[in-house]
Q: 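Okay, here's the structure, questions in a sec.
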Amino acid sequence: MFNAYYSMYIFMSDVKIKLEAEKTTATLVNKVYEKLKKNISLYKKVVNRPITISEKILIGHLANYKDIESANDYLIPTKSYVLLKPDRVALQDVTGQMTILQFSQAGLKQTSVPTTVHCDHLIQARVGSEPDTKAALYENNEVYQFLESASRKYGIGFWKPGAGIIHQVVLENYAFPGGLMIGTDSHTPNAGGLGMIAIGVGGLDAAEVMAGMPWELLYPKRIGVYLTGKLNGWTSPKDIILYVASKLTVSGGTNAIVEYFGPGARTVSCTGKATITNMGAEIGATCSLFPYDKTMDTYLRATGREAIADLANKNINLLTQDNEIEKEIEQNPENALKYFDQFIEINLSNLEPYIVGPHTPDLARPISNMAEDVKNNNYLDTISVSLIGSCTNSSYEDMSRAADIAKQAKERGVRTKIPLQVTPGSEKVRSTIERDGQMQILKDIGANVLANACGPCIGQWNRPELKKGEPNTIVTSYNRNFPGRNDGRRETMNFIGSPELVIALALAGRLSFNPLTDSLIANDGTLFKLDPPKTAPEVPENGFKDVQDIYVPPSDNPDNVDIQINKNSDRLQLLKPFSKWDGNDFDKLPILAKVKGKCTTDHISPAGPWLMYRGHLDKLSDNLLLGAVNAFQDGKIGIGKNILNSKNESFAHIAREYKTKSLKWIIIGDKNYGEGSSREHAAMTPRYLGCAAVIAKSFARIHETNLKKQGILALTFSDETDYEKILEDDRISIINLKDLKPKIPVDCILYHKDGTIETISLQHSYNESQLEWFYAGSALNVLKSKDEFKDAENKLVSN
Ligand code: SF4
């Protein structure tokens, strides 16, 4: 139905309709390379040393050319904020709803930057691909209609449900070497496999860039990973990142770009590289990337982008680190520290297959130690379900290697002992492996094919066969394994490995099976060992299958497109601006929650059944801190003390009651608060329910920015041990807010119930423009106050 709110925008702007605006054209890539050339040339004169690939791409995308002249003072890793102009934006269907709702508040006619939407997160895995996609189309109809109509209107490319998972589709169609992309999903760095700096951001960041604003980034430090040797036997690209995660831990990549390079890097396929950069999110890295090489040329050509491959080959010096760096490191690895803040060297020839988990991706061991770990930790050895695929590991090469293991089992009449689910990353890969036979081999040993969607990777997995609270072990080739991540059940223990390893474990049915040493029983009763998977083609010999009817381009007549949104919907809700800071210090505010231990965005705003409300802020707010562990109450989860009635209630319920009484409140966080997914809802729901500040030992980068952007004061303890001083019945004041200044600590007063008072010092990482967000109530309020957007609003009123 036509909506009057949106119709008012139609005649507001004189922006011209840009045909093919959503594509990565050779013209766009050429323009990017021209800018890279100019900026890098000046930068090299200023710093007077060889430079790395991430430096080249970041410098090549600076919004202000003049900043390069003062690079030596201005670009201080983890200290300076830089303004960048991204080339692309990618949105998925869950976070994309709020992004588009925010973008539409700016009142523009079209996006200023090529943008796409991908319908992948909302399809629930139940039975199999076809019925599940059909059910999703029915259940999420109004969300899909909203996204599709908004996409057609705003010049955004729309990928239908079933087309594939955002990162795989972006890799196949839009990523390009040397580019800069932001995406509203934490695994956006997948495109680093194709030599792109691709970074997961909150929806508001994306909306701002779509509106033509530059994007601000804390200038990252650099971690160099130097690869020598060659993967062999059972070892796969996945094992490189699992090994790196074990070395760096889940926060080791914070505010860093991880650059892989060296002779070993050039032996890893483009899609294998993408698996590695995808999972850089698991170590909290800003992003990860590889320099341009022959494997990327191969992949670009196989996916129909010959013109871009030609351009990349002509500009190879812009897309690789300066040669001197690798030469110096070859001579002496210590030279790496001239270019990188941290350095890891891995000889791929000696790397073993790894398996990580449960519950965290940095709990790693080589497969040879798994059986002992199962015994020592009482892990449930019997596996309930095995899963391969997702955006992380579903390339043609991955599926071919997995199918090779399956083929060996099939030839001996062996099927998987447990269910095996396959989630293909895209329709392009799914239809190609169907044509080339890999899918049939997987089905022959018992695989069930789910939709080309996230499904069991993001809690969209219906498992009626499990009893409530029943512990169970699953093995996946996915990327993330927080408690509750896959099926919404905290008791499920997820172990992660490569697809070929997962197939081997599925054949044995137990976690302690080591395919390198252990045997399986063939149908005729004989024992046999699996051979390591054969080397698989990086891309299909006969090309990828051409797929139709999965994409909707922007409209040629956007003025005639009405955005579909129903004002009575319980899935979508138009946003109202958050109110600006009232000018008063935060005075004796209660603590809604003091959380203990790991508190990811999934603990703050869980996914699973809540995914359906991601476009409706009020409804979604009922999940606030549902998974957070209460530090005051012996580890109780999702509940705390309501100071108005002294009862234990859910955090969301308490926050809503405080909100009705106009009482603001505070969250106390532990280390790396807000790690995990980029979801900005984890900042929007507390803001909506009245959160004034989050004080944590430390923050995950994206979440900290999201809190700032939504107008919540994000602070850290100057002395981490002050976390212990905060008691359940305390009231907290944060003072001198009108005098907030970058790098100046903030005073905080704790009023204890026994009448004692303590003052502690807090730190923050706001720069001047970020402080404006706090005072204005949100970054969106600042955006709307800018002249060009004021104009749009005036026109809105006069129309
Ligand atoms: S990590 Fe999982 S949920 Fe996220 S995009 Fe990939 S498949 Fe989807």
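Counting convention: from 1, in listed order, for ligands and their atoms alike.
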Q: Salt bridge check, Lys545 against Glu434: does any charged N sit closer than 4.0 Å to a carboxylate O?
A: no
Q: Where the side chain of Ser605 meets the backbone of Thr601, is there a donor-acceptor pair that is under 3.5 Å apart?
A: no
Q: Between Asp602 and Arg485, is the closest basic N to carboxylate O distance under 4.0 Å?
A: no
Q: Counting only heavy atoms, which portion of His167 has something under 4.0 Å from ligand 1: side chain, backbone, both, or neither?
A: side chain
Q: At a 4.0 Å threshold, what atoms of ligand 1 neighbour a non-hydrogen atom of Arg485?
A: 1 (S), 2 (Fe), 3 (S), 4 (Fe)
Q: Arg480: heavy atom below 4.0 Å from ligand 1, yes or no?
A: no
Q: Applying the salt bridge (charged side-chain N to carboxylate O under 4.0 Å, His left out) criterion to Glu139, which one of Arg571, Arg126, Lys134 satisfies it?
A: Arg126
Q: Would you check if atom 8 (Fe) of ligand 1 lies under 2.8 Å from any N, O or S atom of Cys454?
A: yes
Q: Numbering the atoms of ligand 1 from 1, which are under 4.0 Å from a heavy atom of Ile458?
A: 3 (S)
Q: Among all protein heavy atoms, pick the one closest to atom 7 (S) of ligand 1 and tell me residue, atom and distance.
A: Cys391 N, 3.6 Å
Q: Consider only side-chain N and O atoms of Thr115 and Tyr154, and report whether a donor and an acceptor are under 3.5 Å apart.
A: no
Q: Hydrogens and angles aside, do Arg463 and Asn472 bring a side-chain donor and acceptor to less than 3.5 Å of each other?
A: yes
Q: Give a yes/no on ligand 1: does Asp120 have at least one heavy atom closer than 4.0 angstrom to it?
A: no
Q: Is any N, O or S atom of Cys457 under 2.8 Å away from atom 2 (Fe) of ligand 1?
A: yes
Q: What I want to find out is whether Glu427 reaches Arg430 closely enough, with some N-O distance under 4.0 Å, to be called a salt bridge.
A: yes
Q: Which protein heavy atom lies closest to atom 1 (S) of ligand 1, and at what distance to 0.1 Å?
A: Asn479 ND2, 3.1 Å
Q: Mark the output for Gln92 as yes if a heavy-atom distance to ligand 1 is under 4.0 Å, and as no if none is.
A: no
